Amino acid sequence: MSPEFMIIDGSSLIHRAFYALPPLSNAAGQYTNAVYGFTTMLLKLLADLKPDAIAVAFDKGRITFRNETYAEYKGHRKATPGELSEQFPLVKEVLAALGIQVLEEAGYEADDIIGTLSVQAVQAGCQVTIVTGDRDALQLIGPYSRVLLTKKGISDMENVTEETFREKYGIASSQFIDVKGLMGDTSDNIPGVPGIGEKTALKLVSEFGSVENLLANIERVAGKKLQENLRTYRDMAIMSKKLATIVCDMPLAFSLDQYGYAPDTEKLKELFAHFEFKSLLQRLPAMFGSAAGEPAAEPVRIETRRIETQEAAQELAAAIRCKGRLVFYPVTEGVLPAISFNGLALWDGKEAVYIPAGSDGWSCVAELLNDDRLEKTTYDAKVTYNACYGADLACSEIQTDILLMAYLLDPTAVEYPLNKLVETYLSGYASLHPDQYKDRTAAALWSVEAIARLQPVLYAALQDAKLETLYREIELPLVWVLSSMENYGITVDRASLLGMSEGLSVRIEGLLTEIYQLAGEPFNVNSTKQLGVLLFEKLNLPVIKKTKTGYSTDAEVLEKLAGYHPLIGILLEYRMLIKLKSTYLDGLLPLIHPVTRRIHTTFNQTVTATGRLSSSEPNLQNIPIRSEAGRKIRELFVPGEGYDYIMSADYSQIELRILAHMSKDNGLIEAFNHEQDIHTRTAAEVFGVSMSEVTAEMRSRAKAVNFGIVYGISDYGLSRDIGVSRKEAGQYIESYFARYHGVKEFIDVIIRFARQNGYVTTMFDRRRYLPEINSSNFNQRSFAERTAMNTPIQGTAADIIKKAMIDVYQELKKANFTSRILLQVHDELLLEVVEQEVEPVSRLVKQAMEQAVTLLVPMTVEVKTGKTWAAAK
DNA sequence: GCGACAGG
DNA sequence: CCTGTCGC
């Protein structure tokens, strides 16, 4: 078999690792996340591929021959952040300890070294694997070489071979540079030919074979405009192709022996200890054997000790009480509000044990869970609270929730599975995938040990990031409130719901008949593809907007087409009604609980990047309100048995008030202190008239401007929202900033902070990392900038209402009211109340919400009560 | 996975 | 800007 040669793009992998992992550091304050990520990836590659030889290439300096060809090459690339550049030498130390050759050459990029090595290695009879995150390397693929392309994160890679490349793009990998020559690459500042994107480029290359052949046959290209561009920019295309071409003939001598590797385990041990890569340290002997040639360590074994007798349980409970700490992981099943325990794994300080529910050992669990002298630690406390509710067990406060901590440390992660957390925070300690366990018991035993080990690490990280107060005072106490709300559920009038659905069916049938008649034939109106063909090919209506896959037919487009054809108005009504019926009537029906007759949503506390809650199965945070027909849906939400009214309490303009406070803008503060209508005031400022002269049109545009400011405005977005030109929208924004100077200053300061620190924070120190804030890609960077201004505002609003929820919940309990909170909709709380409590509860809720924080402007809460959710609005 | 659309 | 669900 031919020898396997692995070539790694060191620069690319380090970048990838840096942005994929939260900013970890060791006790000395040295950043280590990129080193850790890189090392993990490398060790995994060594273990999986077992290459015979290996080389790692780095870029050196920023000027290459490409700058002689084109001075602007990679011109607008931002400097590497300090936290990253300081880790490059550390990575090289790791490579040295592994005995792996590092290559860098002034005047060349890592790509060129990789290209040259790969050609030479193939000539020497090797199979080559190139590992990188840079798609440019795809041009190096051949019959004896493939590319492993890093995906998002650090664990997954895409294997690209000659075959898979051709399948995906329809051209040979060697033609990749021709595509790039035509389409250019904004991130490398390679110009390409204007008007040619990836699709056109791929088409042209598959048709003509190469840039040169294309340019020689321009007259055969379809499209006048395209031909003209190709003629005007022919030199640009040739130069761009040259820029994109990786050099494969650098002066490098090659022999396979040169690139063997020989790990120095002592040195590695030292390094890993210094970086505090605890788990890597532990895995070292298993990977390479120790220096003294001891046998590799045994893989971690899971001891399945079950506690099934009263005696054993009592003994265990005594030991745990003695320690004062209960670390547990529940195994549950069922749906709200009847979730139940299958068993519970717990950590006794030395080993994990499992207690099956219903066994003679179970009694001690009930005692332990409700022992308020124990400090309790778990993963996802809400699951435990819900299971206790379902099993009718009392549960005292849980003080540590690993899931919540991980979320606060990095709210943008997609999920927080324990095995990932172990990989990130314990440097992969005994990291096994949950699927590798033969049963849930074994997985639970592994999990509880992971929780025990993660706790101190996450806690320290939380303190470092100043997140402890937010965690202790808001997120943790909120868990119990959310669990209660989920278990209460909300009553829906099932009979009316069925009636309404039936009524809508009839109306929708009628609309469909009209649509088919006007269209001349029946078709699937729900298919945007079929609808597009009808509107834009059969009826020849003007194409307003396109999507990635075809014509856009969204409401915005349809409204512009309204004058052209009677079909359009009917389509809009059909769309609205079918949405209401499918999502809010038929979709809701199966989620009405057969026993409680109520709908029990799930509030997710660890999903959003900003700190808001989300609601699912069903989502009760997007029940219609804006349209008349939609509002009817809210009439279905009614007080349940034993209750008389629905009460809603919502913050007025919470986000703009927060903006006023955080920016300290005089005009904004004054407006709120005088309880002025904020949109009218903004209209007066932006259009330079007095408040009494503001027209409805002006107010509505000003309202859009205010939304835009909160969302992180772009002239493009605003122009779309209010239907004016981009230029005019730009002028509105400009005059807004001229009048609200404090706001402008506030935004500038936040963006500067984000650029410097890589994250933004809310008033309560909630944090969100924005790695793209210094990106060389304009779109990515602009997006990050808008996020940078939006997150502190949206996130602070989330902090405030979360605090209000806790306060309202506790005060209702304290005063022994029957009335209770059922839902939260971002700036609104929904309660069900009993007749005699309407007055006091309304006062209590208003007071608690308004006093949740003290800002430079008053917080105003409007409370309404009615027989249904619609009436309470 | 995408487009459309419901909410904030 | 932040979400979740439906239907294709």
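Atoms considered below: every heavy atom in the structure, side chains included; atoms not considered: hydrogens, waters and symmetry mates. The chains referred to below are lettered A, B, ... by the order of the sequence lines, with proteins before strands, and numbering in each begins at 1. Computed from a predicted structure; not experimentally measured.
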(request) Please evaluate the base of B:dG7 for a donor-acceptor partner in the side chain of A:Tyr584 within a cut-off of under 3.5 Å? (result) no
(request) Tell me whether the OP1 or OP2 atom of C:dC2 has a side-chain N or O from A:Thr608 closer than 4.0 Å. (result) no
(request) Ignoring backbone atoms, establish whether A:Arg768 has a side-chain N or O less than 4.0 Å from OP1 or OP2 of C:dC2. (result) yes
(message) Less than 4.5 Å apart, side chain to side chain, heavy atoms only: is that true for A:Leu656 and A:Val710?
(response) yes
(message) Does B:dG3 have OP1 or OP2 under 4.0 Å away from a side-chain N or O of A:Ser552?
(response) no
(message) Taking 4.0 Å as the cut-off, does a side-chain nitrogen or oxygen of A:Lys548 come that near to OP1 or OP2 on B:dC2?
(response) yes
(message) Check this one for me: any side-chain N or O of A:Arg575 less than 4.0 Å away from OP1 or OP2 of B:dC5?
(response) yes
(message) Rounded to whole Å, how long is the line connecting atom CD1 of A:Ile623 with atom P of C:dG4?
(response) 14 Å
(request) May I ask you to verify if any side-chain N or O of A:Ser614 is less than 4.0 angstrom from the OP1 or OP2 atom of C:dG4? (result) yes
(message) Between A:Asp677 and A:Arg699, does any NZ, NE, NH1 or NH2 come within less than 4.0 Å of an OD or OE carboxylate oxygen?
(response) yes
(request) Examine C:dC1: is either OP1 or OP2 under 4.0 Å from a nitrogen or oxygen in the side chain of A:Arg786? Give yes or no. (result) yes
(message) Taking 4.0 Å as the cut-off, does a side-chain nitrogen or oxygen of A:Thr549 come that near to OP1 or OP2 on B:dG3?
(response) yes
(request) Kindly point out which of C:dC2, C:dC6, B:dG8 is positioned nearest to the side chain of A:Asp827? (result) B:dG8
(request) Over 60° means perpendicular and under 30° means parallel, so classify the ring planes of A:Tyr551 and A:Phe536, tilted if in between. (result) tilted
(message) Less than 4.0 angstrom from a charged side-chain N to a carboxylate O is my criterion; do A:Glu785 and A:Arg755 meet it?
(response) yes
(request) Spell out yes or no: do the side chain of A:Asn622 and the base of B:dA6 have one donor N/O and one acceptor N/O closer than 3.5 Å? (result) yes
